[in-house]
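Okay, structure first, notes after.
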Amino acid sequence: MVAFIAALIGGLANAASSIVGRVLIAMGFSVATYTGIDVALAALKAASFAAFSGLPAQAFAVMGALQVDRVSNIIFSALAARLFLNGLTSGSITRMVLK
């Protein structure tokens, strides 16, 4: 009797989850996975530091006085922390979206 009740509850839970999923899909909800975010952030950081390479020595002196290198590192660290808090795992974020 206990096995029958367990099987019945398992079947009902499976049916309810598929029904809920179908209702959400019918309402326009879906799940989107954005991949390659960590690669894009690393490429953006490399491109921004590469843009500094063509500057004259006086510009480097001004940038050194303004500590632009530290500021850019703080900005990229804040972006990485924000992505981590939003659920970045192994370079991808999965979000529920409304179409």
Side-chain angles (χ1 to χ4, degrees):
M1 182 70 172
V2 175
F4 174 72
I5 293 174
L8 181 65
I9 290 175
L12 288 175
N14 191 14
S17 66
S18 68
I19 290 171
V20 170
R22 288 182 189 206
V23 168
L24 288 176
I25 289 172
M27 290 173 46
F29 288 100
S30 65
V31 177
T33 301
Y34 305 100
T35 59
I37 295 173
D38 56 344
V39 175
L41 186 62
L44 179 67
K45 185 176 180 179
S48 66
F49 282 125
F52 295 143
S53 65
L55 295 177
Q58 293 85 5
F60 276 119
V62 171
M63 288 173 47
L66 295 175
Q67 297 182 350
V68 174
D69 58 340
R70 288 187 184 179
V71 171
S72 60
N73 276 328
I74 290 171
I75 289 171
F76 285 115
S77 297
L79 285 172
R82 175 67 182 201
L83 289 171
F84 176 72
L85 290 175
N86 282 341
L88 179 73
T89 56
S90 69
S92 64
I93 293 179
T94 302
R95 290 276 176 238
M96 182 176 282
V97 295
L98 177 63
K99 293 183 188 176

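Please read all numbers here as calculations on a predicted model, not as lab measurements.
Cluster annotation: Leu44 and Phe49 are assigned to distinct hydrophobic clusters (Ile/Leu/Val/Met/Phe/Trp/Tyr, side-chain heavy-atom contacts under 4.5 Å, transitive). In terms of hydrophobic clustering, with Ile, Leu, Val, Met, Phe, Trp and Tyr side chains grouped at heavy-atom distances under 4.5 Å, Leu66 and Ile74 are assigned to different clusters. Linking ILVMFWY residues whenever their side-chain heavy atoms come closer than 4.5 Å, directly or via other members, places Leu55 and Val62 in the same cluster.
No side-chain heavy atom of Phe84 sits under 4.5 Å from any side-chain heavy atom of Asp38. Between Phe52 and Asp69, every side-chain heavy-atom pair lies at or beyond the 4.5 Å cut-off. The side-chain heavy atoms of Leu79 and Lys45, taken from C-beta on, include no pair separated by under 4.5 Å.
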